Amino acid sequence: SMYKQFCSDQTQSQKTRVRLRACNPTFSKFLVDAQNHPAACKLTLNDFLIKPLQRVCKYTLLLERMKKVMPAGHPD
């Protein structure tokens with residue numbers, strides 16, 4: 001699946017970003033400018049790329065909590 005591929009590519013993606021940031025001033029400036037953009041709320045590219053991984057964990061926890069508080073036999 002696309003999600004599985006996204007997860008498995010995280011290490012290589014991080015290495016590529018570190019390498020590009022070190023050797024490509026244009027890319028490095030882009031990252032700084034993007035982070036400083038008001039819509040980014042000071043979040044880095046890494047912060048945005050980790051969000052899908054964090055969300056899946058949060059959804060699992062949320063569903064487990066909902067299951068605990070739902071009455072037995074509830075249609076949802």
Side-chain angles (χ1 to χ4, degrees):
S1 74
M2 187 183 305
Y3 180 75
K4 195 182 267 188
Q5 186 68 45
F6 177 81
C7 293
S8 65
D9 288 344
Q10 286 300 303
T11 302
Q12 185 59 42
S13 174
Q14 175 65 21
K15 288 177 184 177
T16 300
R17 289 190 308 275
V18 167
R19 180 179 51 80
L20 286 173
R21 191 167 193 165
C23 70
N24 185 331
T26 303
F27 182 69
S28 185
K29 182 179 180 331
F30 166 77
L31 291 178
V32 171
D33 291 347
Q35 182 179 354
N36 290 327
H37 190 281
C41 299
K42 299 289 183 186
L43 295 173
T44 66
L45 178 59
N46 292 343
D47 295 328
F48 284 106
L49 291 174
I50 198 69
K51 290 233 180 257
L53 301 173
Q54 294 170 332
R55 282 208 176 112
V56 169
C57 296
K58 287 180 183 179
Y59 289 149
T60 302
L61 294 171
L62 174 64
L63 292 172
E64 286 174 1
R65 276 189 250 139
M66 287 175 63
K67 186 178 175 182
K68 286 180 183 177
V69 299
M70 292 286 238
H74 193 280
D76 287 336

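In this text, all values refer to a predicted model and were calculated from it rather than measured experimentally.
A side-chain donor-acceptor contact under 3.5 Å links Asn36 to the backbone of Val32. Judged by distance alone, with hydrogens and angles left aside, the side-chain atoms of Thr16 form a donor-acceptor pair with the main-chain N or O of Gln12 at under 3.5 Å. Judged by distance alone, with hydrogens and angles left aside, the side-chain atoms of Gln5 form no donor-acceptor pair with the main-chain N or O of Ser1 at under 3.5 Å. For the pair Asp33 (side chain) and Phe30 (backbone), a donor-acceptor distance under 3.5 Å is absent. At least one donor-acceptor pair closer than 3.5 Å links the side chain of Gln35 to the backbone N or O of Lys42.
Taking Arg17 as the reference, Ser13, Gln14, Asn46 meet the side chain to side chain donor-acceptor pair (under 3.5 Å) condition, with sequence neighbours excluded.
Heavy-atom neighbours of Phe48 CZ from other residues, nucleotides or ligands within 6.0 Å: above the threshold of 12. Crowding of Met66 atom CE: a count of heavy atoms from other residues, nucleotides or ligands under 6.0 Å not exceeding 12.
In this structure, CG on Leu49 lies 11.0 Å from CD on Gln54, to the nearest 0.5 angstrom. Between atom CG of residue Asp47 and atom CD1 of residue Ile50 there is a gap of 9.0 Å, rounded to the nearest 0.5 Å. Atoms CG and OG1, on Leu20 and Thr26 in that order, are 11.0 Å from each other to the nearest 0.5 Å.
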Report task. Please assess Arg65 against Leu61 for the test side chain to side chain contact (heavy atoms under 4.5 Å, CB included), listing each intermediate value before the final yes or no. Result -> CA-CA 6 Å; Arg65 276 189 250 139; Leu61 294 171; 3.9 Å; yes
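A pairwise comparison of heavy atoms in Ala40 and Ala34 identifies CB-O, 3.2 Å as the closest pair.
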